[in-house]
Amino acid sequence: MVLQLAVPIAAAVLAVIVFVVGDRLRPPAWRQTEDDSPGALVVDLINTLFMAVAAFVVVICWQQYDNAHNHTVAESKALVDVYWAAHGMPEPDHSRIQGLVKDYTESVVTEEWTTMDRDHKLSQSTQDILDTLRDTVAAVQSPESDVTDLRATALAGLDAVAQARQDRALDTNLGMPGFLYTALWFSTVLLLFSGVLSGVKVTLRSVVMTGLLGVVVGTAVMAVYNLDRPFSGGNIVSKDAFELALSRYQHIT
């Protein structure tokens, strides 16, 4: 919360400093007169550039965030399918498989979410649980066709889990390309210098407006950083899908 407030405030202060200091350093010929329109044109061009770059960056970051969330939903749904399939199996496979499914889900919620945030990768111990689960399901043997069908269903569900997990592994390293950050910072600097470049005079009104401009710019940049990495930073993907799966296990049991 402190960081969320500090960045817009710092951007506002920086914008005011740039505006006031720039007013003292710029040549007299740059100062705006009543019939001076080039300054307004400069501001319009800079505003358009910043809005275009910021909108493009936010859309890309949101798409990455939304895709990462969808991968968690797909993985949790497949886990519930495996748990359901094990529900119809005889003992001891019934309890062993359901226990491993629950252990894997709990490990994702507790250990792995922290690992993704801190290290930008998945937990090896959680992967080991999944590998044990797949070996356990593959080892189920029964002459009954119903059990064979349930085993096939569980294996198909585990394939879906593995695929979604692989997608989640890629999501942990997902980030905005460097050239987009360069464009964003370039347009941000131009926007903060727009008051100086346009020749606006330093008045109480212009200082207040410049400060508000800095708040808007800082908020937009902070939003981009929060959305940049889906599983780390200030706005990570929720683990509600896996928590819902754990709740579903209790009802199935």
Side-chain angles (χ1 to χ4, degrees), residues 1-19 21-22 39-75 112-122 164-198 200 206 208-241:
M1 181 61 69
V2 174
L3 185 61
Q4 303 291 331
L5 295 176
V7 172
I9 292 175
V13 173
L14 178 61
V16 171
I17 292 175
V18 169
F19 179 52
V21 174
L41 178 60
V42 170
V43 173
D44 290 341
L45 290 175
I46 294 175
N47 289 341
T48 302
L49 175 63
F50 177 80
M51 287 188 294
V53 173
F56 186 67
V57 169
V58 169
V59 168
I60 290 179
C61 290
W62 179 254
Q63 286 179 341
Q64 293 177 347
Y65 183 91
D66 189 52
N67 289 337
H69 176 264
N70 291 337
H71 294 154
T72 66
V73 172
E75 186 175 356
E112 192 156 63
W113 229 257
T114 303
T115 302
M116 289 189 296
D117 187 7
R118 183 184 64 244
D119 302 330
H120 308 299
K121 64 179 182 179
L122 302 186
R165 180 178 174 81
Q166 180 64 27
D167 292 334
R168 184 157 56 85
L170 296 175
D171 293 334
T172 59
N173 291 315
L174 216 55
M176 191 170 60
F179 74 91
L180 286 180
Y181 265 126
T182 301
L184 178 64
W185 281 116
F186 177 74
S187 61
T188 299
V189 171
L190 283 180
L191 192 61
L192 294 179
F193 276 91
S194 61
V196 178
L197 297 175
S198 63
V200 177
S206 62
V208 171
M209 295 302 295
T210 302
L212 292 176
L213 175 64
V215 171
V216 173
V217 172
T219 302
V221 172
M222 195 65 196
V224 169
Y225 271 94
N226 285 337
L227 288 173
D228 185 22
R229 291 188 177 273
F231 292 106
S232 61
N235 188 28
I236 64 175
V237 173
S238 172
K239 51 189 175 184
D240 289 350

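Atoms considered below: every heavy atom in the structure, side chains included; atoms not considered: hydrogens, waters and symmetry mates. Keep in mind that what you see is a predicted model, and the values were worked out from it rather than measured.
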Sub-4.5 Å side-chain heavy-atom contact between Y65 and L174: no

NZ-CE distance between K239 and M116, expressed to the nearest 0.5 angstrom: 9.0 Å

Nearest non-hydrogen partners of V73 and A241, listed with the distance: CA-CB, 4.1 Å

Heavy-atom closest pair, residues V57 and V224: CG1-CG1, 3.4 Å

Any donor-acceptor pair under 3.5 Å from H71 side chain to N67 backbone: yes

Basic-acidic side-chain contact under 4.0 Å: E112, R165: yes

Side-chain heavy atoms of E75 within contact of R168, under 4.5 Å: yes

Straight-line distance of S187 OG to M51 CE, nearest 0.5 Å: 11.0 Å

Min side-chain heavy-atom separation L190-F50 under 4.5 Å: no

Partner of F56 by side chain to side chain contact (heavy atoms under 4.5 Å, CB included), out of I60, V59, V58: I60

Non-hydrogen side-chain atoms of W113 and I236 separated by less than 4.5 Å: yes

Atom pair OG1/CG of T172 and D167 - distance to nearest 0.5 Å: 11.0 Å

Atom of F231, atom of T72 and distance for their closest heavy-atom approach: CZ-CG2, 3.9 Å

D171 versus P230, closest heavy-atom pair with distance: O-CD, 3.6 Å

